[in-house]
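Here the structure is laid out as structure tokens; the discussion comes afterwards.
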Amino acid sequence: MKEKVIGNRASRLDAVSKVTGKAKYTDDFFEREMLVGKVLRSPHAHALIKHIDVSKAKSLEGVEAVITHEDLPKIKFATAGHPWSLDPNHRDVADRLILTDKARYVGDSIAAVVATDHLTAEKAIKLIEVEYEVLPHVLDAEEAIKPDAPTIHDEKKDNIISSFGQAFGDIEQDFQQADYIMEGVYETSIVQHCHLENHTAYAYKDTDGRIVIVTSTQIPHIVRRVVSQALGLSWGKVRVIKPYIGGGFGNKQDVVIEPLTAAMTLSVNGKPVRYQLSREECFIGTRTRHAIKFYMKTALSKDNRLKAIHIKAFSNNGAYASHGHSIIMSASSKFRPLYHFNSVKVEPKTVYTNLPTAGAMRAYGVPQICFALESHLDDICKKLKLNPIEFRKRNLISLGHVDPLSKIKVRSFGIPECIQKGKELIKWDEKKKSYENQTGEKRRGLGMACFSYFSGTHPVGLELAGARIVMNQDGSIQLQVGATEIGQGSDTAFAQMAAEVLGISMDMVRVISTQDTDIAPFDTGAYASRQTYVSGAAVKKAALEVKDKVLKIASRKTGLKVEDLDIVDKQIVEKDLGTPLCSLEEIAMLSYYDRIHAEPIKSDTSENIRTNAVAYGVTFAEVLVDMVTGKIEVLEIYNVHDSGTIINPSLAEGQVHGGVSMALGYALSEKLMFDEKTGRPLNHNLLDYKLQTILDTPKIGVGFVETYEPTGSFGQKSIGENPAISPAPAIRNAVLDATGVQFNKLPMNPQAVFEKFKDEGLL
Amino acid sequence: MMKKINLNVNDKHYAIEVDIKESLLDVLRDRLHLTGVKQGCSVGECGACTVLIDGTPYNSCIYLAMWADGKKITTIEGIEKDGQLSKVQQAFVDEGAIQCGYCTPGLVMTTTALVESGKKYSDEEIKREISGHFCRCTGYQKIFNAVKKSLDE
Ligand code: FES
Ligand code: FES
């Protein structure tokens, strides 16, 4: 019997090295006489830099270099972790200098010091004298596009990065013919990834003159490209190495500190320099999640069918474009393959403000639009006195649906079963009845929310992945991928895929976890929940090629045809009868030592994936609301996912737990705050920024509805980001159910809830 | 100002000179290269740098190295015995409580202290004991299971 490895709860390959403290992260490597880099950050939200005097800092003992924008190439570059586009019209906005010549937010990088140690570097930073001319600043996206708002980048006088939208169908006609028109305004706040390992990197110049950067990144090949562009170097002159990383969640899908780290080593003739952000710097000096305000307007027919939706959105991008408009574009395309609309029109504006830069964060714009849409649907149900589950079910698209704009086809569709399963898990009907007409100080409520999400970025982005396999003399293999393990467990999932195809056990697969751009196959990295789907296809292709080579040798040895052979449990067998013919090891030995035919078995493949698969899911939540203190307690929460074949249930559950936990913070407590008057951050540390602790986190229920996605190499779809999407609106809808109050702004922290109750006259 | 101190780290003796302002975390990582001790904030907020000092868990980032003079320090590197994972480590592996792994060493240290205390802990008490550790990856679900399993007889 052929043993299945796909679907096993295999232990992570790196579990032992991580639990023993042996796994090496960027900061765990040392170079002799490593110098330390530090940055002077702007105290002003918006200011011209008139003059920088670095002479005092430079003369401090132990300081090896001080650099400003004047010492660096005047090249504007883009930082977003996207594949390069040969079409200049599809490139990210290039609006950055390595060190800025104008301060655009509190924390902007003005100058850098390289010194022998932290203390000296800090002292030197204080000795740099900067003359600023303070300008008026703007923090709100809708304010920033008013005619009298200060201009943040001269290249975009109106502060609008882009207002490119999406539309299909005849929206005017649908609104004219509508029986009901519903409107609502929904808003999310700025939150931060808070991966436990801050951004950190070190760099040095190798004896061949190339720059080597070891960095905590999700996208080593893209880092190499962007560093080269920022410094005006030929791309082969930069080598990037990615060891284990302590989380990323999208914040390391951006080239944040590497260009400066490279510039630091160049400023000291290539001596090794480490540039490590503190937690406070990481909060403001890296990326955040876009705060987006949505104006939703929906047309319905009187048989309660959705007809048209018109969405206006203002996306607050902060001081630099980074992923920019891609975030709202992702949001406006990924919500579509869920409910049927005759017409859709999204009119977004992505806007510069004087805040830290927003970028990619787990699910890339979709948690924001899902909050708006799913809250809006419940508001519609409340108004029309509809059952929110039945209303959603009635309006779902169906299998085979093709999106009119992206042309993405729905080839597997498990959302109806997900809804059913979630409803049963939370005992919806039973509880619903008993919670009617509550009046007490503590009220319970139930809510749910659905989502759709993609598996990768096709057709917007290139989806290229590489995998390489070398078979050893004993039949075990090294698997090398360009895709990055960032904690999500991709290395383990890839090993399962290779083991499955090759008929070998997991302990015979060694995955090379470090990506070194000199040696690792090309792959754009960990983002868009693409790796299991896209990079997984490359792994399968590489494994099939190896299998074919094994069977060819076996065929030569046995005289049977390749088609009649298989590898099962490390044996070459005759396919139909299952009879073992020889061991895989014998074949591997022949490949190395046969005097005539020796040619070690290996493969080196790429896959360019030009399909996408729509994954689905739903959250069901039960809350207890304290009507006096405004405290919302989540009593029960279930996420049920259709992610196609689940490669490893244990790892997949881990993704759901982590995503839901992150979303609980998004819904209930997290918000990066700024002083209106100065633009200064108010809570950029782990004490004041309210992350979920174990005490805040309820038991998180997980369910899977396993469909088979025909375009997935093993039937799989995305799972990594998906769990972070729907919990916030589900909780919000549960609070609506409990209290009748519509919370249209995240987070629903006790203070916000208390104030809203007061406004509504409940207190 | 420098000061000479004697440390017992993972049963090995070190006589070293430290700056009086240096944290134990920096000494462990930068001087002794015990890089299993992680740093997530440097100000006592995240728990990643937890080590045992005479058996009690401390955030080593806000513990001055000179305070550790004459004390017995255990880091994650001292938990594995004779190449064997400890019960706590094995529980973290078996329960799938590890993702990026950056919080893991700190959590293993605190859990080890709980196990070594010999006390019984209710679910609520377990949560309280490890609430000083942030984990952004796991939602704490499997971590809780691993701690519970470690405490099971
Ligand atoms: S590094 Fe010590 S508590 Fe965060
Ligand atoms: S596993 Fe990543 S922070 Fe806990």
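In the text below, chain A, chain B and the rest are named by the order of the sequence lines, each starting its count at 1.
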Identify the two heavy atoms, one from [X] and one from [Y], that lie closest to each other, and give their separation to 0.1 Å.
X	Y	value
A/I694	B/K127	CG2-O, 3.3 Å
A/Q192	B/R136	O-NH2, 3.0 Å
B/G101	A/Y25	C-OH, 3.3 Å
A/T693	B/Y140	C-CE1, 3.4 Å

Does any backbone or side-chain atom of [X] lie under 4.5 Å from a heavy atom of chain A? Answer side chain, backbone, both or neither.
X	answer
B/V108	side chain
B/Q89	both
B/D30	both
B/T138	backbone
B/L85	side chain

Heavy-atom proximity to chain B below 4.5 Å, by part of [X]:
X	result
A/S11	side chain
A/F29	neither
A/D696	neither
A/I700	both
A/Y244	neither
A/D28	both

Taking every non-hydrogen pair under 4.5 Å, which of [options] racks up the most with chain A?
options	answer
B/E124, B/R128, B/R29	B/R29
B/G96, B/G40, B/G36, B/P105	B/G40
B/C41, B/C137, B/C100	B/C100

Could you tell me whether [X] and [Y] have a side-chain N and a carboxylate O separated by less than 4.0 Å?
X	Y	answer
A/R12	B/E95	no
B/E80	A/K22	yes
A/E653	B/K142	yes

Output the distance between atom [atom1] ([X]) and atom [atom2] ([Y]), rounded to the nearest 0.5 Å.
X	Y	atom1	atom2	result
B/F134	A/Q692	CZ	CD	9.5 Å
B/S42	A/H118	OG	NE2	8.5 Å
B/D123	A/K699	CG	NZ	10.0 Å

Less than 4.5 Å apart, side chain to side chain, heavy atoms only: is that true for A/L196 and B/C46? yes
Close side-chain approach of B/T35 to A/F30, heavy-atom, < 4.5 Å: yes
Among the options [options], pick out the one with the most heavy-atom pairs lying under 4.5 Å from chain B.
options	value
A/G247, A/A23, A/G654	A/G654
A/E197, A/E485, A/R279	A/E197
A/G246, A/S17, A/S661, A/G248	A/G246
A/H193, A/E280, A/H195	A/H193
A/I486, A/T200, A/D27	A/D27
A/L687, A/V16, A/T20	A/T20

Determine whether B/K21 and A/L119 satisfy the following criterion, side-chain contact (heavy atoms from CB on, under 4.5 Å), listing intermediate values before the conclusion. CA-CA 11 Å; B/K21 287 189 293 235; A/L119 239 51; 4.3 Å; yes
Do we see a donor-acceptor contact under 3.5 Å between the side chains of B/Q99 and A/Q655? yes
